[in-house]
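Please read the structure below before turning to the comments.
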Amino acid sequence: MFLGLVTSVGGGVIRDVLLGERTALVSPGELYATVALLCGLLYVALAVGLKLPAPLAEAAAIAGASLLRLTAMWRQWRLPHRFDLLQLLDRIHARRPRGPP
């Protein structure tokens, strides 16, 4: 899974750098690496879980990745902005009423 993610994202970054474009990887909220991860999971589920032949599982994962990425670009789907989990937990903890233990 990790190698598939790094390969797909790395190839896209190299393409963008060679074309002189801003990489989608660093665009906030862009569905880029997420699509690669989800379709990698789809491949593993089909090839290992359902025991489909590897070429069929590969074709399905490629089609799924292409469809999901193009749909995300067309519909302008974005991931939520990152947040500081520790800051959120501190705010939740500060709101709790203090009482006797």
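Hydrogens, waters and symmetry mates are skipped; everything else that's a heavy atom, side chains included, is used.
Under the 4.5 Å side-chain heavy-atom criterion for Ile, Leu, Val, Met, Phe, Trp and Tyr, L70 and I62 are members of distinct hydrophobic clusters. One hydrophobic cluster holds both L42 and L50 under the rule that ILVMFWY side chains link at heavy-atom gaps under 4.5 Å. One hydrophobic cluster holds both M1 and Y43 under the rule that ILVMFWY side chains link at heavy-atom gaps under 4.5 Å. V6 and L31 fall into different hydrophobic clusters, where Ile, Leu, Val, Met, Phe, Trp and Tyr residues are linked whenever their side-chain heavy atoms come under 4.5 Å apart, directly or through other members.
Contact record, C39 with A61: O-CB, 3.6 Å, taken as the closest heavy-atom pair. Nearest heavy-atom pair across A57 and L46 is CB-CB, 3.9 Å. Contact detail for T71 and W77: the closest heavy-atom pair is CG2-CH2, 3.5 Å. Here the shortest heavy-atom pairing between T23 and V17 reads CG2-CG2, 4.3 Å. Shortest non-hydrogen contact noted between L37 and L5 is N-CD1, 3.9 Å.
Note that CG of L68 is 6.5 Å distant from CG of L38, once rounded to the nearest 0.5 Å.
Remark: Q76 CD is loosely packed, at most 12 non-hydrogen atoms of other residues, nucleotides or ligands lying under 6.0 Å away.
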